[in-house]
Amino acid sequence: MTSQNVIEVVISRNGLPIRLTYKQWSHITENHDYMAGCIDMVLETIAEPDLIVKGWTDELIALKHYPKTVISRKDAVVIYKELKNDGFVITAFLTSSCEKIIKRGILWQKSIS
């Protein structure tokens with residue numbers, strides 16, 4: 001993968017660089033058009049999640065609550081994969097019902113201070 005295919009890289013909670021590519025951003029915005037202006041939200045959700053949940057196989061799901069988004073109060077959901085030295089975003093969307101996702105199993109949770 002060449003660096004010009006990468007929009008941005010953000011560091012995950014596990015300290016790995018996670019890349020967001022133009023291809024995946026296109027996939028996200030084609031499937032969830034309301035996400036078009038939310039690139040910073042996606043990156044922030046990976047870097048500073050409220051929860052990290054188990055994925056279906058070996059991917060991770062970062063969740064972060066936003067009191068105000070482009071469509072209303074929602075939770076951002078970013079599914080990404082961590083490899084040995086880096087990782088990549090698979091998809092992202094907003095939801096108002098993250099209970100089914102959380103039931104997969106919390107791997108990490110932000111401490112409430």
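- Listed here is the closest heavy atom pair of Pro17 and Val9: CB-CG1, 3.5 Å.
- Trp108 is connected to Val77 through a chain of hydrophobic side-chain contacts under 4.5 Å among Ile, Leu, Val, Met, Phe, Trp and Tyr, so both are in one cluster.
- A heavy-atom distance below 4.5 Å is found between the side chains of Leu51 and Ile102.
- Taking Thr69 as the reference, nothing meets the side-chain hydrogen bond (donor to acceptor under 3.5 Å, both in side chains) condition, with sequence neighbours excluded.
- Judged as a ring pair (Phe, Tyr, Trp, His ring centres under 6.0 Å), the pairs with a partner in residues 67-94 (not counting sequence neighbours) are, in order, His32-Phe93.
- For the side-chain hydrogen bond (donor to acceptor under 3.5 Å, both in side chains) test, residues two or more places apart in sequence or in another chain that qualify with Ser26 are Glu30.
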Acceptor/donor pairs from residues 60-68 side chains to any protein atom, 3.5 angstrom cut, sequence neighbours excluded:
{"unit_1": "Lys64", "atom_1": "NZ", "unit_2": "Glu48", "atom_2": "O", "d": "2.9"}
{"unit_1": "His65", "atom_1": "ND1", "unit_2": "Asp75", "atom_2": "OD1", "d": "3.1"}
{"unit_1": "Tyr66", "atom_1": "OH", "unit_2": "Met41", "atom_2": "O", "d": "3.4"}
{"unit_1": "Tyr66", "atom_1": "OH", "unit_2": "Glu44", "atom_2": "OE1", "d": "2.7"}
{"unit_1": "Tyr66", "atom_1": "OH", "unit_2": "Thr45", "atom_2": "OG1", "d": "3.4"}

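- Between Val78 and Ile18 there is no side-chain heavy-atom pair separated by less than 4.5 Å.
- Note on residues 49-63: pairs passing side-chain hydrogen bond (donor to acceptor under 3.5 Å, both in side chains), not counting sequence neighbours, are Asp50-Lys110, Thr57-Glu59, Asp58-Lys81.
- Pairs engaging residues 83-94 under the salt bridge (Lys or Arg N to Asp or Glu O under 4.0 Å) rule: Arg19-Asp86 [sequence neighbours left out].
- Using a 4.5 Å cut-off between side-chain heavy atoms of Ile, Leu, Val, Met, Phe, Trp and Tyr, with links allowed through other members, Trp25 and Val70 fall into the same hydrophobic cluster.
- Between Val10 and Leu20, the closest side-chain pair of non-hydrogen atoms is not below 4.5 Å.
- A side-chain donor-acceptor contact under 3.5 Å links Thr95 to the backbone of Ser97.
- Put simply, CD1 on Ile46 and CD on Glu8 are 10.5 Å apart, with the number rounded to the nearest 0.5 Å.
- Other residues, nucleotides and ligands contribute more than 12 heavy atoms inside 6.0 Å of the CZ atom of Arg104.
- Scanning both residues, Thr29 and Ala36, for their nearest heavy atoms gives CG2-CA, 3.7 Å.
- Here Leu16 contributes atom CG and Glu82 contributes atom CD; the two are 4.5 Å apart, rounded to the nearest 0.5 Å.
- With values rounded to the nearest 0.5 angstrom, Thr91 atom OG1 is found 6.5 Å from Asn31 atom CG.
- Under the 4.5 Å side-chain heavy-atom criterion for grouping Ile, Leu, Val, Met, Phe, Trp and Tyr, Tyr34 is connected to Val42 within one hydrophobic cluster.
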